[in-house]
Amino acid sequence: MAYSSATQKRLLEMLEAQFNQFHTELDCRAVISNDTTLEPLSLPTHGMGVEQLCMHFNDQVAPKLSASNGGRYWGFVTGGANPTATLADWFVTVFNQNVSKGGDSVASQLERQTIDWLRTLFYLPDSFTGLFTTGATAANLLGALTARQFIGAQQGVDVAQQGMAGLDVMIYAASPHASMIKSLGMAGFGQQNWQCVDTLQDTEAMCIDSLATHLSRCDSRGKIVIASAATVTGTDYDDLIAISRLCEAHGAWLHVDAAFGIFERLMNGPEHKTNGIEFADSITLDCHKWLNVPYDCGVFLTRQPNHLVATCHVDAPYLASSAQNQDYMSMGIENSRRFRALPVWATLLSYGRQGITAHIQSNVDLAQALASWLENSQYYVLLKPCELNVVLFKPGDMHVLQEVGLCLDAINQSGKVFMTPGVWQGEHIIRAAFSNWETTTEDLLCVIELLDSLAK
């Protein structure tokens, strides 16, 4: 059964109208909605049809959605959707491929090619392989699960088949992301069952001497170290060369959460802040952050895919395949998988290394410009030099809204920008993250004007 030509035409007309309206309004639309209520509505017995559905959506839903795709959404680390990736994401829906098994479509091969290109983009060796995930949380979960299988193998236990009862393991981290803590809980280690390594003074970066002491004193037969390439608040980088050497000496699995921090390699090369990431056993990165493809899209990479497959593979007669390559359903959480590699493939092919790097550098330059303005302002306090794309600040003593929460509320309620809270060195702060390819100098000037007006 195929769509009629009239149906196809009408669907495309509605999509075009919706796209044009949203993107035309994006610059003047409130960045976040102050109305998040939804009209009570019962499940209809008889459907309303696509025309009425579109009218209902435009009336009840669309006005209450955020402008997170625009250049002044500075909360979390949220990218936009670049034009090429937007088009490719439409293709994903049009072709609706299930990238679980190979042999019936080129989709799996395209995902492999895209993983190869990402390795090249980030100067990673061919020893890494991996797959696309729903995001960094799923990638971190795969990191925890693969490390668990590795630890089991050290102790003669196939955890995926036999369970982890009696598994002897100690986990070390300094400033793990919340998604990593969540992943430790889902993997059965426990959200609280890890040792906190000291950080270097006035940073979130791991203290190598502290880690060395922990590992030398550890009598557990299995060890996992979780490192960061750009922590979520301070954008601090762990010394991955030193950490990898300690992990090798103590037989520990090294997982690096580099969700957005790995993009620093595009500006400074492989021997700067992320030097040593190539020695990690597994890496998490996000494409719906600084690569600016639509949600959802993360990546998990590992140098030990045998433990990943041992964790995720399951046999069933209807799943039999003669594919030469490992099927992706045997490498990830989902059996059914969206064709989420396509927007990344299209972005890499369309913009290339230089184009993507230009987007990254622009965000960094704008973040540093905001930090410079804050540092010179009599109303605000810059709490940390801008290391990458995240700016940490608070209202100063001369600000009319000296309480951080009140100041942040006023900033966000203005509708001109959205920022999120954070904690730095035990102090509540405001956090602005630049990660959208569309953010411009005009956006920055608009926000500076707002900050100045709220202070007096």
Side-chain angles (χ1 to χ4, degrees), residues 128 130 133 136-160 162-199 204-229 231 237-259 276-285 300-312 333:
F128 280 97
T133 68
T137 302
N140 279 334
L141 176 58
L142 286 176
L145 294 173
T146 308
R148 190 182 70 178
Q149 192 72 12
F150 166 79
I151 296 299
Q154 288 181 318
Q155 299 173 30
V157 179
D158 186 337
V159 174
Q162 301 167 343
M164 60 188 299
L167 199 68
D168 184 19
V169 60
M170 188 61 70
I171 303 170
Y172 299 99
S175 304
H177 190 273
S179 67
M180 192 71 244
I181 302 302
K182 180 177 182 177
S183 297
L184 292 179
M186 291 190 292
F189 293 117
Q191 291 191 13
Q192 300 178 2
N193 192 27
W194 57 281
Q195 291 290 311
C196 186
V197 180
D198 292 341
T199 56
E204 292 175 323
M206 185 180 293
C207 173
I208 301 304
D209 290 341
S210 177
L211 177 63
T213 299
H214 277 291
L215 290 173
S216 64
R217 293 177 178 174
C218 179
D219 56 7
S220 296
R221 290 185 291 163
K223 305 174 187 67
I224 299 171
V225 175
I226 300 166
S228 298
T231 56
Y237 285 74
D238 291 337
D239 184 343
L240 299 177
I241 289 287
I243 292 172
S244 64
R245 288 171 179 167
L246 285 171
C247 287
E248 182 178 12
H250 292 273
W253 181 278
L254 173 58
H255 176 73
V256 179
D257 187 340
I277 198 171
E278 61 271 20
F279 301 121
D281 293 291
S282 55
I283 300 171
T284 283
L285 64 97
F300 177 71
L301 300 173
T302 181
R303 288 192 298 120
Q304 302 204 39
N306 56 314
H307 295 302
L308 174 64
V309 173
T311 297
C312 299
I333 299 167

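Each residue takes its place number in the sequence, starting with 1. Predicted model, so just to flag it, every value in this text is computed and none were measured. Only this structure's heavy atoms are used, side chains among them; waters, hydrogens and symmetry mates stay out.
Rounded to the nearest 0.5 angstrom, I243 CD1 and D238 CG are separated by 4.0 Å. Rounded to the nearest 0.5 angstrom, L211 CG and L246 CG are separated by 5.0 Å. Remark: D239 CG to S244 OG distance equals 8.0 Å, nearest 0.5 Å. The line from CG of L184 to CD of Q191 is 8.0 Å long, rounded to the nearest 0.5 Å. One finds the SG atom of C218 at 4.5 Å from the NZ atom of K223 (value rounded to the nearest 0.5 Å). Expressed to the nearest 0.5 Å, how far CD1 of I151 lies from CG of L167 amounts to 7.0 Å.
Of the residues listed (T133, N140, D257, T137), the one engaging T284 in a side chain to side chain donor-acceptor pair (under 3.5 Å) is N140, and it is the only one.
Here the closest heavy-atom approach between residue M180 and residue A144 is recorded as CE-CB, 4.3 Å. Nearest heavy atom pair, residue I283 against residue A258, reads CG2-CB, 4.2 Å. Pairing each heavy atom of G276 with each of I241, the nearest pair is CA-CD1, 3.6 Å. Minimum heavy-atom separation, F300 to L308: CE2-CD1, 3.9 Å. The minimum heavy-atom distance linking S228 with T231 is given by the pair CB-CG2, 3.8 Å. Scanning both residues, L215 and Y172, for their nearest heavy atoms gives CD2-CE1, 3.7 Å.
Proximity of a side-chain donor or acceptor of H177 to a complementary backbone N or O of S179 within less than 3.5 Å is detected. Between the R148 side chain and the A187 main chain, a donor and an acceptor come within less than 3.5 Å of each other.
For T213, the side-chain contact (heavy atoms from CB on, under 4.5 Å) partners are R217, not counting sequence neighbours. Q304 pairs by the side-chain hydrogen bond (donor to acceptor under 3.5 Å, both in side chains) definition with D281, H307, not counting sequence neighbours. With sequence neighbours excluded, no residue forms a side-chain hydrogen bond (donor to acceptor under 3.5 Å, both in side chains) with S175.
No side-chain heavy atom of S220 sits less than 4.5 Å from a side-chain heavy atom of V169. Side-chain atoms of S282 and W253, non-hydrogen and from C-beta on, do get closer than 4.5 Å to each other. The closest side-chain heavy-atom distance from I224 to F150 is not below 4.5 Å.
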- Derivation of the side-chain contact (heavy atoms from CB on, under 4.5 Å) call for L142 and I333: CA-CA 8 Å; L142 286 176; I333 299 167; 3.9 Å; yes
- List the steps, then state whether side-chain contact (heavy atoms from CB on, under 4.5 Å) holds for M170 with Q195. CA-CA 7 Å; M170 188 61 70; Q195 291 290 311; 3.5 Å; yes
